Amino acid sequence: MASELQMSPQLEQIHGEIKDNFRALSNGFQRLNNIKDSNRQSKQLEELTGRMKECKRLIKEFDREIKVEESKNPPEVNKQLNDEKQSMIKELNSYVQLRKTYMNSLDNKRVELFDMGAGASEPMAEENVQMASAMSNQELVDAGMKTMNETDQAIERSKQVVEQTIEVGTQTAVTLKGQTEQMGRIVNELDTIQFSIKKASQLVKEIGRQVATDKCIMLFLFLIVCGVIAIIIVKIVNPSNKDIRDIPGLAPPAPSRRLL
């Protein structure tokens, strides 16, 4: 089906990586059936979980690329790509369900091992009872006091751990509060910067309009000056031209005298 789909090079690369991970998951679960040791099974499941997380990330990236290219592709191609995405999601969900099955089986094995360990400790308890019956009253009191001291020490250690946890939580809360305030100040500064940029843009537009107006005025003045210069030149070159009126303030050229 992948060969029939029309994909861009980016989509083909992502699709190929997803298929490679699916093959690795299939082979990994097949090898898992041959592993009997619980620790090795746990390690293998962790590796497969990482593969599934990578597949999930790649499928999301595949979906993003489909949405980016949706406007460029015809509807039939978009439908095929979405169907392929749904097919990959279903395949990933099947591996997730398979992982849950193996995890439940592994947990049951651990419970059985725990029960076996508890049964093995019963003879030890009976031996302790026999030792206690052979001890004198003073020895029993001393043993009881020792156990109580150990219990008190354990309680004190637990209190210290709780106090340390509370202290760390308090410090974390103070740090988070400071970071929240800092984020608030940053947001306020960003708003101020945005407002300043907006005002600066308006000022630049106003300056641009003023510059354009000044250029238009300068152009008109330049045209007027050029017209006046042209009239002066024409009057000097051809003073007998009556179509051009005399310029105020400019005396007509004196008639030339003919000498005998």
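Owing to the predicted nature of the structure, the values given are computational and were not obtained by experimental measurement.
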Does a side-chain heavy-atom distance below 4.5 Å link [X] with [Y]?
X      : Y      : value
Phe29  : Gln44  : no
Tyr95  : Ser26  : yes
Asp63  : Lys60  : no
Gln97  : Thr101 : no
Ser158 : Ile155 : no
Ile89  : Lys85  : yes

- Do other residues, nucleotides or ligands put more than 12 heavy atoms under 6.0 Å from the CD atom of Glu150? yes
- Query: Take atom NZ in Lys56; do more than 12 heavy atoms of anything else shown fall under 6.0 Å from it?
  - Reply: no
Smallest separation among heavy atoms of [X] and [Y], with atom names:
X     : Y     : value
His15 : Phe62 : CB-CE1, 4.1 Å
Leu48 : Ala24 : CD2-O, 4.4 Å
Leu45 : Arg99 : CD2-CG, 4.4 Å
Leu58 : Ile14 : O-CG2, 3.4 Å
Asn78 : Glu70 : ND2-O, 3.1 Å

Within the distance-only criterion (no hydrogens, no angle test), does the side chain of [X] pair as donor or acceptor with the backbone N or O of [Y] below 3.5 angstrom?
X      : Y      : answer
Ser196 : Thr192 : yes
Ser94  : Glu91  : yes
Asn21  : Cys55  : no
Asn73  : Glu69  : yes

- Query: Are Arg51 and Glu47 close enough for a salt bridge, meaning some N to O gap below 4.0 Å?
  - Reply: no
In Å and rounded to the nearest 0.5 Å, what is the [atom1] to [atom2] distance from [X] to [Y]?
X      : Y      : atom1 : atom2 : result
Gln41  : Ile35  : CD    : CD1   : 6.5 Å
Lys199 : Ser201 : NZ    : OG    : 11.0 Å
Leu25  : Leu92  : CG    : CG    : 7.5 Å
Cys226 : Ile231 : SG    : CD1   : 11.5 Å
Arg31  : Asn34  : CZ    : CG    : 10.0 Å
Glu12  : Met7   : CD    : CE    : 7.0 Å

- Task: Dump the intermediate steps for side chain to side chain contact (heavy atoms under 4.5 Å, CB included) on Gln80 and Glu84, then the final yes or no.
- Result: CA-CA 6 Å; Gln80 292 177 355; Glu84 178 66 13; over 6 Å; no
- side chain to side chain contact (heavy atoms under 4.5 Å, CB included) evaluation trace for Gln210 with Lys215: CA-CA 9 Å; Gln210 292 177 0; Lys215 287 183 178 179; over 6 Å; no
- Task: Decide yes or no on salt bridge (charged side-chain N to carboxylate O under 4.0 Å, His left out) for Glu54 and Arg57, but give the supporting numbers first.
- Result: CA-CA 5 Å; Glu54 180 65 15; Arg57 184 189 67 81; 2.5 Å; yes
- Answer with yes or no whether the hydrophobic clustering places Val174 together with Ile166; edges join I, L, V, M, F, W, Y residues whose side-chain heavy atoms lie under 4.5 Å apart.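 Shared cluster, no.
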- Query: In terms of hydrophobic clustering (I, L, V, M, F, W, Y; side-chain heavy atoms under 4.5 Å; direct or indirect links), are Val68 and Ile59 co-clustered?
  - Reply: no
- Query: Hey, mind stepping through Arg185 and Gln182 against side chain to side chain contact (heavy atoms under 4.5 Å, CB included) and telling me if it holds?
  - Reply: CA-CA 5 Å; Arg185 290 194 297 270; Gln182 185 177 4; 3.7 Å; yes
